[in-house]
Structures are given as C-alpha cells and as structure tokens.
Amino acid sequence: MAQRVAVNEGSKRTSRVRVAVRLRPYMDKQDDKGEGPCVRGLGPQKLEIINWRNATETLQYQFDVFHGEETTQQEVFLTSVKPTLPHILNGQNASVFAYGPTGAGKTHTMLGSQEQPGVIPRAVREVFNLVGAQEKGQDGWEYSVGMSYLEIYNEKVLDLLSPGSQDLPIREDKDRNILIPGLTHTSLSSFADFDTHFIPASLNRTTASTKLNQRSSRSHAILLIKVVKSQRGPPHRQQTGKLYLVDLAGSEDNRRTENRGIRLKESGAINLSLFTLSKVVDALNAGAGGRVPYRDSKLTRLLQDSLGGSAHSVMITNIAPEYRYYFDTFTALNFAAKSKQIVNRPFVRETLLAPTIAPGKRAREEQEAGGSSEPQTKKSKEVKKAEQSPSQSIHPHGSPDSSVLERLLALEKMMMGSAERERLSLLQTVAQSRKEIQMLKEKQKELEDKAKMFNKQSEATESESKDALLFKTDLPPLHRKQSTAAKPRKQQAVVTPLQVSQVQPLQQCALVCKPSQLLDKKKKRVQTEVGEGKENGGVDPGVINWESHLDSALLEQSRKKILQTLNSGSLKELKSLQLIGDKKAKLIMGWREFNGHFTQLEDLRKIEGITAKRFSSFIKANILSSMGK
Ligand code: ADP
Ligand code: MG
C-alpha cells in the first residue's frame with residue numbers, strides 16, 4: 001500500500017489551514033439606488049466591513065492573504081495554491097477549498113472560464129509540469145497521475161465520473177488513509193487528457209438537475225488529483241500524494257430563504273457539513289491538540305487525511321462587496337477569521353459620489369492618500385443617507401429583521417473575547433427579559449379580557465344545559481382552579497380561562513407553553529401548572545391522562561405534524577418545538593443525518609439525553625401546543 005509521508009515536524013504551522021479572502025468586483029446590476037460596497041480591502045492581508053451595530057465604526061479583519069477586486073486568477077493561483085503543489089509529489093496531501101455565499105465567486109476561483117481559467121486547470125497543469133520536470137531529471141522514481149471527481153449532495157457521496165452511481169461509503173485504512181471504495185479513478189497521461197474527462201463530468205454535475213444553479217450551490221464538488229510515486233529500483237517504495245480541489249456549497253443561510261420540503265432537507269444537510277467544517281478549521285487553527293470533529297460530516301470525514309495534520313490546506317473565502325450580501329459576507333468573514341478589530345471610523349461610500357469609478361480603486365486611492373479627501377460634512381451626509389436606506393432586508397444601519405439580528409448577536413457573541421461576551425450576554429438577557437415581560441403583559445391582558453367575556457357568557461347560560469358549552473360531550477372537564485379568577489396575579493392570570501370553557505383551554509395551553517426558550521425555569525413552572533399536577537419521577541402519569549382527554553384523530557394529526565418537523569425541520573423550526581433548545585435541535589439534526597428519518601416519535605428516545613420522562617414532557621407540551629394553534 002502506498003504511504004503518506006508526514007511533513008517535517010520542525011514546522012509548527014503544518015496543521016493550520018491557511019486562510020485567504022478574495023473579494024470579487026462590484027457587479028450588482030440591480031444597484032440603481034447607488035448603495036455601493038459594504039466591504040473593501042486595506043492592504044495585502046486586511047479588509048474592513050461596515051459595523052452593523054454602529055455606522056461610525058468598521059470591523060477590520062486580518063487574514064493570511066487578502067485578494068482584492070483586481071486580483072487576477074493567476075495571482076490567486078501563484079500566492080495561494082502553487083506553493084502547496086510540490087508536496088503532492090512527495091507523498092503528502094493538500095486541499096484547496098473555496099468557501100463563501102452563492103454568487104461570491106467560488107466557481108470563478110476554482111474553475112474559472114476559458115478566458116480566465118481558475119485554480120483547478122492551473123493546478124492540474126502545474127502538477128503535470130512538476131512531474132515532467134522530475135521525470136526529466138531522472139530521480140529514480142516513476143510518477144503516475146490520476147483523478148476522481150465526486151459530489152457531496154445531501155450528505156450523499158456521488159461519483160461524477162460514473163453518473164447514476166449510488167451513495168458511496170467513506171472508509172479509513174490501517175494507515176489512516178481515507179478511501180472511497182467503488183469511486184472511479186481515471187489515469188491521466190497529460191493535461192489535455194484531464195480536460196477530456198473533467199469537462200463532461202462537470203457538465204454531468206450541472207445538468208443533473210433542472211434547476212442547476214440551485215443544486216450546484218447546494219452541493220460540494222470535489223476533484224481529487226492523486227500522484228503515485230514509485231521507486232524504479234529496489235526496495236520499490238511507493239508514495240501517494242493527494243490533492244483535493246473543492247468548490248463548496250454556498251455558505252448563505254438557507255433558513256432565510258423560505259425553503260420547504262426537499263430543499264429544507266438540503267439546507268439542513270449543507271448546514272451540517274459547513275458547520276462541521278467550521279468546527280474542524282477552528283479546532284485545527286486553535287492548535288490545542290484537542291479533538292477535531294472530522295467524523296461529524298461526510299465532507300470533513302472525506303477530507304480528514306488532507307485537511308490539517310500533515311497536510312497543506314488553503315481555504316479561499318470568497319466574498320461579494322454588494323450590500324445585499326452583507327449578512328452572508330459578515331458570517332463568512334467570521335468563519336474565516338479568528339479575530340477582528342473594531343475601528344472607530346465610518347465606512348464612507350465613495351461609489352455614491354462617483355459610480356463610474358471602480359470602488360476598489362477608489363478605496364485604494366483613498367488609502368494611499370491617507371484617508372478620504374472629501375470634506376467631513378460630505379462624509380457624514382453619506383453615512384446618514386446609508387442609515388436611512390430602507391431597501392435592505394439586512395440593513396446594518398437600520399433595524400434588521402429580528403431573526404437576523406438574533407443570529408448576528410449570537411455570532412458576535414461566539415466570536416468575542418470573554419469580557420465583551422459577558423457585556424453582550426448581559427445586554428441580550430436584558431433585552432430578552434424586556435421582551436418576555438412585554439409578551440406576558442400582553443397575554444395577561446388578552447386573557448383577562450377573555451375571562452371577563454366568558455364570565456359574562458357563563459352567567460347568561462347558567463340555566464342552560466352544560467353540554468351546550470362542551471366541545472365534546474364525552475370529554476371530562478379539565479382541571480379547574482377556582483381561586484385564580486379572583487386574584488389576577490401574573491401566572492394565575494395566564495391560567496384563568498381554563499376554568500371557563502372546554503373550547504379554550506388548549507389555546508391557552510399553546511400560549512402558556514410557548515415562553516422563551518431562554519427562560520427555562522419559568523417555562524417548567526408554567527407547564528406544571530397547566531399539567532395535571534407535579535411530575536413525580538419516572539414516566540409522567542399525566543401523559544396518559546391528558547391524552548385520553550383529546551380527540552384521537554386530532555391527536556394522531558398533531559403527532560404526525562411533530563414527526564414531520566423532526567424529519568424535515570430546519571434548526572430554527574426544530575427549536576420552535578417545545579422543550580427543544582439549540583443543543584437538542586442539533587442532536588436531532590445530527591441523528592437524522594446519520595440515521596435517516598424518524599419513523600415514529602418514540603425514536604427520539606434514541607437520542608442522547610432524551611429520557612423517558614423528558615420524552616413524555618416533550619410529547620405533552622408539543623401536542624397541546626400544536627392543537628392549540
Ligand atoms: P459562486 O460559485 O460562489 O456562486 P460564481 O463563481 O458563479 O459564484 O460567481 C458569480 C458571478 O460573478 C459569475 O458571473 C462570475 O463570473 C463572477 N465573478 C466572480 N468572481 C469574479 C472575479 N474575481 N472577477 C470577475 N468576475 C467574477
Ligand atoms: Mg458556484
């Protein structure tokens with residue numbers, strides 16, 4: 001078996017993933033409002049993006065390399081890729097992957113066009129050049145070059161050189177080399193030979209779907225170039241070097257686009273792979289020797305022997321300058337960077353003033369001149385204008401929609417130092433508590449109004465048959481709390497309507513069972529009130545009782561609905577289930593990636609940490625909640 005060769009241990013940086021950022025030129029044809037770019041370069045390693053929290057600040061990031069808008073394909077190749085290639089001929093592995101939101105230039109960087117070939121054709125040509133030079137030099141070794149080309153789509157490994165093939169397994173041999181049994185491997189004799197195999201296979205990929213862009217932006221395309229080096233004479237040693245060239249799926253948050261059905265499943269799977277990739281890159285760059293979670297997704301499992309360790313890895317993060325990419329650019333930069341700096345200076349939009357000049361050029365000119373030559377008053381006007389623009393769905397100056405804001409906060413929290421993190425967490429808790437209080441106040445008022453109305457109704461109908469009020473005559477009356485009506489304390493007020501009618505209680509349950517996930521204690525307390533009494537350890541006997549009160553068809557329907565959410569819900573949708581927080585939602589997503597579908601709700605019990613008691617509470621809370629909606 002051909003062996004991999006470890007990199008000289010003298011170099012401590014071998015397991016790091018080098019990070020380059022490439023900003024593509026501004027090209028938003030829809031930008032008739034003249035919004036200009038939201039990000040720009042500051043030098044060979046630095047860039048800045050406007051701070052969404054505060055328009056008078058920018059966020060500055062530093063990377064191993066920054067490729068500005070005018071960087072050519074050749075320059076990207078020479079700086080970020082070419083230096084890694086000689087290692088492939090020495091039995092070492094390497095990986096180059098393009099990361100970033102759809103439309104930011106990943107495919108342009110990796111594949112390019114006939115006129116502007118990208119990393120893939122340049123790297124393959126260079127590998128043949130290097131092999132040719134070695135063979136000419138007669139170094140006593142023989143080289144053979146081959147390729148495989150595959151796609152990871154929906155966590156399935158598909159062979160692009162053999163269209164129609166099934167999901168392929170990923171294995172590891174005793175030397176810790178990653179293998180894919182059954183994957184086509186084609187020998188290549190020259191660069192022209194590569195072209196004849198690669199081009200039709202690329203077409204296979206893009207024409208496999210009617211909505212080709214949708215699919216290609218949701219799958220990871222992985223080209224493997226393998227160089228096997230064999231000693232001509234005894235002891236006939238053999239070494240294998242692998243080069244992975246990866247055009248990753250778009251890193252944009254698909255939960256924001258209203259994905260449904262299959263696409264919802266795709267985004268879940270992609271998020272899992274990219275999420276795991278981010279954890280792997282983080283773990284490698286932290287360099288603490290801790291666990292690297294390669295096994296948590298197909299993508300990272302496949303790249304395990306070529307990402308980190310003794311391999312040479314480069315990530316080219318592609319970003320777009322237009323405002324409509326702001327959120328995705330911000331998240332991509334945070335994925336790529338370990339640290340950032342907040343700088344107190346406004347991001348002035350030069351393009352508003354002179355849209356004919358390339359924004360990158362202006363930024364550079366400004367930088368060279370030591371700052372903008374525009375008068376300060378003009379500057380602040382521009383910033384003001386930016387603050388007022390209502391056109392962005394993710395507007396860093398105005399108020400972004402609450403889910404985006406929440407995630408920006410969460411992301412920032414994740415990225416910050418501990419002092420900042422505490423301050424932020426405090427602010428967030430205060431904001432959340434305010435929201436909670438407001439919500440509870442509104443509900444209290446609403447329920448008090450309803451209680452008043454029902455009291456009036458019940459007085460009026462007291463003499464009539466009680467059955468007339470009942471939703472189902474065969475249902476026993478629900479729990480009554482006689483004393484609560486008289487004392488409208490907060491929590492009691494929430495429960496009040498339960499005593500009045502059989503039609504209302506489920507709706508109130510839904511309200512009561514939906515407090516913020518942050519306020520777990522409160523949630524538990526309120527739910528206990530709604531339930532049949534205190535939980536008393538083991539399986540909650542209340543489960544049996546409360547279910548028997550409900551119509552079996554409705555019960556079945558709501559169980560189905562919950563099962564559907566478990567099987568195809570996004571992280572956010574899973575978290576909207578009662579008693580499912582971030583951790584459990586991720587465990588559910590992970591379970592379904594590896595085990596397929598939940599066939600019944602009881603399968604949830606197979607997930608770590610979901611005990612019989614928790615499962616009962618989960619079922620109860622969610623059924624009551626879904627029936628009440
Ligand atoms: P992605 O693969 O990330 O979705 P693409 O590579 O398809 O993005 O790029 C989107 C568009 O932008 C394409 O039309 C592409 O040609 C163009 N583009 C991307 N990067 C550059 C660049 N550096 N220079 C010129 N055009 C670019
Ligand atoms: Mg692409």
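Hydrogens, waters and symmetry mates play no part in the numbers below; they use all other heavy atoms, side chains included. For ligands, and for the atoms within them, numbers begin at 1 and follow the listed sequence.
Taking any N or O of His108, backbone or side chain, at least one lies under 3.5 Å from an N or O belonging to ligand 1. Checked by distance only, ligand 1 and Thr102 stay at 3.5 Å or farther apart across all their nitrogen or oxygen atoms. The shortest N or O to N or O distance between Met27 and ligand 1 is not below 3.5 Å. Considering both main-chain and side-chain atoms, Thr109 never comes within under 3.5 Å of ligand 1 through any nitrogen or oxygen pair.
In the vicinity of Gly105, heavy-atom distances shorter than 4.0 Å reach the ligand 1 atoms 1 (P), 3 (O), 5 (P), 6 (O), 8 (O), 9 (O), 19 (C), 20 (N). Atoms of ligand 1 lying under 4.0 Å from any heavy atom of Pro101, numbered from 1 in the order shown and given with element: 3 (O). Of all atoms in ligand 1, listed by their number and element, those nearer than 4.0 Å to a heavy atom of Arg22 are 23 (N). Residue-ligand proximity, Lys106 to ligand 1, at heavy-atom distances under 4.0 Å covers atoms 1 (P), 2 (O), 3 (O), 4 (O), 6 (O), 8 (O).
One distance of note links CG of Asp64 with CE of Met315; it measures 9.5 Å at 0.5 Å rounding.
Proximity annotation for atom 1 (P) of ligand 1: of Gly103, Pro25, Gly100, Gly103 comes nearest, heavy atoms only.
One of the N, O or S atoms belonging to Thr107 lies under 2.8 Å away from the Mg ion (ligand 2).
Ion pairing between a basic and an acidic side chain is recognised when a charged N comes within 4.0 Å of a carboxylate O; Arg291 and Asp296 show such pairing. Taking a cutoff of 4.0 Å between a charged side-chain nitrogen and a carboxylate oxygen, Glu69 and Arg40 do not qualify as a salt bridge.
Atom NZ of Lys82 has 12 or fewer heavy atoms from other residues, nucleotides or ligands within 6.0 Å. In the displayed structure, Gln564 atom CD is contacted under 6.0 Å by at most 12 heavy atoms of other residues, nucleotides or ligands.
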Derivation of the side-chain hydrogen bond (donor to acceptor under 3.5 Å, both in side chains) call for Glu573 and Ser576: CA-CA 5 Å; Glu573 283 168 313; Ser576 74; over 6 Å; no
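Side-chain contact annotation: Gln74 with Arg122, donor-acceptor N/O pair under 3.5 Å present.
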